[in-house]
Amino acid sequence: MGKARLPITNYQLPMTNNRLPLLLAVLFALLLWAVAPLQAQEAEPPPVERLTITGTSAESLPAIEVRLYGRDDQGNPLDLSRETLDIQHGGQPVGPINYQGAHRTGTLTIFLIDIPTGVQGQLPALQEAIQQYASPGNMMEQVDYTAVYEVSAAQPLELLAPINFHNSVRNLFATPLSPVAGATALYDSTLNLLETSVNLRPNPDMPIHVVLMTDGTDALSSASGDAVSRRAAELGIAVHTVWLENSDIGNGAPGQSYLAGLAAATGGVGMQLNNTAELPLIWNRIAGFRDQARIRYQPGNLTGGTFPVRVALTERPWITAETEVTIPANIPSVLIDLPPESRVLSLPNLEEPVRLRLQTQVSWLDGEERTIEAAQLIINNDTARPFEIPVASLSEFVAEVTNLTYGNNTLEVVVLDSQGMRATSPTVILTVNEGRRDVPSTLDGGNRFARFLAQLFTFLLVAALIGGGLFFLWQRGMFAGLMGKRGGGRRARRRGGPTTTITDVGPVAPSQPTAVTGYLEVLESVSRMNSPIPLQGTLIRLGRSPAQCEIAFENDITMSRLHANLQREGSDYRLFDENSTSGSFVNERQVPEYGIQLADGDEIHLGAVHLRYRRA
């Protein structure tokens with residue numbers, strides 16, 4: 001019996017040994033199948049569209065201010081003044097949400113150039129492109145910063161540290177660039193630059209843009225091209241790519257394909273260097289992030305402490321950002337007490353200072369009373385020309401204001417208390433119309449008694465002149481026809497002459513209107529406009545708001561409320577941009593701060609509005 005079992009036992013053992021490896025292989029394959037989706041999910045790069053919160057402030061209690069900017073899925077800047085936002089404070093929805101205008105932070109643009117010997121013929125064009133950006137109309141001096149780095153065999157080499165002056169960039173190229181001998185590590189240099197770029201910003205709120213100018217080839221890097229795309233997307237840094245043609249390797253199509261994908265994955269713009277006419281697309285994209293939105297909201301239950309804040313777009317809730325805001329329990333709160341019906345006035349001109357009477361209320365979150373050490377009135381965010389408020393009369397004071405403009409003006413009161421705590425009042429909008437002086441009594445800070453005496457003196461003087469004139473006419477017998485024999489009769493009868501009658505000759509003819517000096521032909525606009533539009537006067541404002549502009553394109557949302565203005569110089573006009581969101585362009589050139597003199601036939605782009613200027 002035992003001998004009969006041996007063959008069976010010897011036969012089963014090999015079977016068991018063969019099945020175990022097979023079973024382990026199946027289990028391993030199942031594990032890989034389960035983990036693969038997770039790895040694929042982790043490998044998916046962050047989306048291009050996003051919101052970025054750069055700061056919060058509790059200095060405007062009872063409102064909290066958030067500063068932020070955003071970009072869409074193509075990398076274009078979001079106009080948050082036109083977006084509806086959902087904000088949660090401490091996990092709870094907040095009360096009124098108000099756009100408070102733009103906060104200018106500037107940008108940091110880093111040029112990273114890869115210049116092997118094969119691109120030597122394109123170095124002059126590369127230098128010219130960088131200088132084109134660092135010129136008026138693109139880079140704003142003392143606001144925007146520019147840096148230049150060079151790709152090397154490992155780390156990027158600094159050619160120009162971040163600087164905010166045009167001439168500093170020009171001086172860099174006083175000595176022409178020389179190509180780099182030997183292979184370069186494009187991916188490693190770019191990745192290292194991305195990691196250190198955050199510390200290069202002069203202002204931590206600045207958005208960073210990298211302009212990568214290369215043929216797209218890499219022979220030395222240990223990092224991959226995908227790692228560059230992923231890290232730039234994680235940091236929220238747009239990488240704009242300008243690819244060069246390398247004579248040593250040909251056109252370099254694989255490298256160009258990578259560069260185009262890198263720009264698309266990070267919200268940048270990609271193009272060839274020889275397309276010089278398209279380079280302003282990159283410069284305009286960068287300039288669109290120069291200003292950030294100031295959003296204020298009011299929490300439902302205002303208390304001291306640190307609270308999470310979440311901001312999202314209502315129509316695209318996946319575009320969101322989170323941060324924290326700290327509200328000190330002893331922070332002051334200041335309010336301008338000006339009724340809504342007193343926030344509109346009319347003035348014949350703005351050349352002379354305007355005296356405004358304002359009242360304020362100051363309190364502290366913890367209910368304690370403290371001393372105010374200093375106070376200022378800020379008009380239209382003009383912190384360079386504040387009005388110093390006497391602390392003793394902070395509750396009610398008269399300010400001589402010199403920087404009002406026609407249209408909407410912003411008023412804010414800033415205080416500093418004895419603890420060193422600073423507070424800013426919620427913004428009050430004051431609308432100034434052009435016309436006969438009409439200032440609400442609660443706002444009028446003029447000397448009423450002196451004005452009354454001046455008006456009384458003027459009335460008495462006019463009455464005396466009229467009375468003297470009538471007496472003179474009566475003495476001359478001019479009223480005989482109205483008063484019969486007794487009206488000036490004696491002198492008239494003695495002379496025996498005829499009486500004189502004063503005849504009504506009707507109203508005086510109005511003065512002739514200002515002559516038309518030019519026209520604007522409307523080539524493209526969503527708003528229905530009569531074309532051509534005649535140009536009259538020395539100053540003509542253009543934009544979306546009829547309350548602020550003489551020429552208003554009400555339905556063109558691509559225009560700012562006050563987008564640009566035309567100022568007559570001689571027989572033509574000069575076009576100025578009014579810090580518009582989408583910019584102003586003449587013949588595809590962006591209008592600089594000092595404006596552009598228009599010539600007959602010039603084409604103007606204001607957002608999506610397309611116009612042509614014609615002389616009269």
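The figures here come from the full heavy-atom set of this structure, side chains too, leaving out hydrogens, waters and symmetry mates.
Residue Glu315 places its CD atom among 12 or fewer non-hydrogen atoms of other residues, nucleotides or ligands, all under 6.0 Å distant. Taking a 6.0 Å sphere around CD of Glu593, one finds it holds 12 or fewer heavy atoms contributed by other residues, nucleotides or ligands. Taking a 6.0 Å sphere around CD of Glu388, one finds it holds more than 12 heavy atoms contributed by other residues, nucleotides or ligands. Counting non-hydrogen atoms of other residues, nucleotides and ligands closer than 6.0 Å to CZ of Arg612 gives a total above 12. Within 6.0 Å of CD in Glu569 there are more than 12 heavy atoms belonging to other residues, nucleotides or ligands. Heavy atoms of other residues, nucleotides or ligands lying less than 6.0 angstrom from CD1 of Ile557 number 12 at most. By the neighbour-count criterion of 12 heavy atoms within 6.0 Å, atom CG of Asn530 is sparsely surrounded, having that number or fewer from other residues, nucleotides or ligands. Other residues, nucleotides and ligands contribute more than 12 heavy atoms inside 6.0 Å of the CZ atom of Arg82.
No side-chain donor from either of Tyr145 and Asn203 sits under 3.5 Å from a side-chain acceptor of the other. A donor atom on one side chain and an acceptor atom on the other are not found under 3.5 Å apart for Thr54 and Asp205. Residues Gln100 and Thr427 have side chains that bring a donor and an acceptor to within less than 3.5 angstrom of each other. Side-chain contact, His610 with Glu603: a donor N or O sits under 3.5 Å from an acceptor N or O. Donor-acceptor pairing under 3.5 Å is recorded for the side chains of Asn76 and Arg285. Defined by atom type and a distance below 3.5 Å, a donor-acceptor pair is present between the side-chain atoms of Thr105 and Gln292.
Listed for the Arg67 side chain is no donor-acceptor partner under 3.5 Å among the backbone atoms of Thr56. With hydrogens and angles ignored, the 3.5 Å screen pairs a side-chain donor or acceptor of Asp72 with a backbone N or O of Gln74. Remark: side-chain polar atoms of Ser580 are paired, donor with acceptor, to backbone N or O of Gly583 under 3.5 angstrom. Asn380 places a side-chain N or O within donor-acceptor distance of the main-chain N or O of Thr410, the cut-off being under 3.5 Å. A donor-acceptor contact shorter than 3.5 Å is absent between the side chain of Glu521 and the backbone of Tyr613. Judged by distance alone, the side chain of Ser527 and the main-chain N or O of Asn555 form a donor-acceptor pair under 3.5 Å. Asp556 places no side-chain N or O within donor-acceptor distance of the main-chain N or O of Thr558, the cut-off being under 3.5 Å. Between the side chain of Thr314 and the main chain of Thr84, a donor-acceptor pair closer than 3.5 Å is present. Here the side chain of Arg201 pairs a donor or acceptor atom with the backbone of Pro204 at under 3.5 angstrom. Put simply, the side chain of Ser525 never gets that close to the backbone of Val609: no donor and acceptor are under 3.5 Å apart.
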- Query: Yes or no on side-chain contact (heavy atoms from CB on, under 4.5 Å) for Leu358 and Val398, after CA distance, side-chain angles and deciding distance?
  - Reply: CA-CA 6 Å; Leu358 296 171; Val398 175; over 6 Å; no

- Message: Run Glu578 and Ser584 through side-chain contact (heavy atoms from CB on, under 4.5 Å) and show every step you take.
- Response: CA-CA 9 Å; Glu578 291 282 0; Ser584 303; over 6 Å; no

- Could you check Asp572 against Leu598 for side-chain contact (heavy atoms from CB on, under 4.5 Å), going step by step and ending with a plain yes or no? CA-CA 7 Å; Asp572 286 308; Leu598 296 179; 5.6 Å; no

- Task: Go through the steps to decide whether Glu141 and Asn164 satisfy the test side-chain hydrogen bond (donor to acceptor under 3.5 Å, both in side chains), and finish with yes or no.
- Result: CA-CA 5 Å; Glu141 276 198 322; Asn164 57 350; over 6 Å; no

- Item | Full working for side-chain hydrogen bond (donor to acceptor under 3.5 Å, both in side chains) between Asp438 and Ser346 | CA-CA 5 Å; Asp438 183 10; Ser346 298; 5.1 Å; no

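With contacts defined as side-chain heavy-atom distances shorter than 4.5 Å, the pair Asp291/His103 does not qualify. The shortest distance between side-chain heavy atoms of Phe553 and Leu611 falls below 4.5 Å. With contacts defined as side-chain heavy-atom distances shorter than 4.5 Å, the pair Thr320/Leu51 does not qualify. Counting only heavy atoms from C-beta outward, the side chains of Leu347 and Val439 approach each other to under 4.5 Å. Looking at Ile295 and Val311, their side chains never come closer than 4.5 Å, going by heavy atoms from C-beta outward. Taking the side chain as every heavy atom from C-beta outward, Leu345 and Leu443 approach each other to under 4.5 Å. Looking at heavy atoms from C-beta onward, Gln376 lies out of side-chain contact with Glu412 at the 4.5 angstrom threshold. With contacts defined as side-chain heavy-atom distances shorter than 4.5 Å, the pair Asp79/Pro77 does not qualify.
Gln548 and Arg541 get closest at one heavy-atom pair: O-NE, 3.2 Å. The nearest pair of heavy atoms linking His240 to Gly268 is ND1-CA, 3.4 Å. Shortest non-hydrogen contact noted between Gly236 and Arg50 is CA-NH1, 3.5 Å. Heavy atoms only, all atoms of each residue included: Val522 and Met529 are closest at CG2-CB, 4.1 Å. Among all heavy-atom pairs drawn from Leu68 and Ile53, the shortest one is CB-CA, 3.9 Å. Nearest heavy atom pair, residue Thr266 against residue Ala233, reads CG2-N, 4.3 Å.
Atom-to-atom distance recorded for Asn171:CG and Ile163:CD1 is 10.0 Å, nearest 0.5 angstrom. With rounding to the nearest 0.5 angstrom, the OG atom of Ser342 is 12.5 Å from the CZ atom of Arg357. Put simply, CG on Asn138 and CD on Gln132 are 6.5 Å apart, with the number rounded to the nearest 0.5 Å. Atom OH in Tyr99 sits 11.0 Å away from atom CG in Leu85 (nearest 0.5 Å). His605 contributes atom NE2, which lies 12.0 Å from atom CE of Met559 (distance to the nearest 0.5 angstrom). Atom CG of Leu377 and atom CG of Asp382 lie 11.0 Å apart (nearest 0.5 Å).
Partner of Asp114 under the side-chain hydrogen bond (donor to acceptor under 3.5 Å, both in side chains) criterion, out of Asn246, Thr190, Thr214: Thr214 alone. Just one of Phe289, Phe585, Tyr133 meets the ring pair (Phe, Tyr, Trp, His ring centres under 6.0 Å) condition when paired with Trp283; it is Tyr133.
Remark: Glu83 engages Arg316 in a salt bridge, criterion side-chain N to carboxylate O under 4.0 Å. Between Arg615 and Asp600 there is no salt bridge, since no side-chain nitrogen of the basic residue lies less than 4.0 Å from a carboxylate oxygen of the acidic one. For the pair Asp602 and Arg614, the salt-bridge criterion is not met [side-chain N within less than 4.0 Å of a carboxylate O].
With sequence neighbours excluded, the residues that form a side-chain contact (heavy atoms from CB on, under 4.5 Å) with Glu150 are Ile113, Ile115, Leu157, Leu159, Val180. Among residues two or more places apart in sequence or in another chain, the side chain to side chain donor-acceptor pair (under 3.5 Å) test is passed with Glu65 by Arg294, Arg296.
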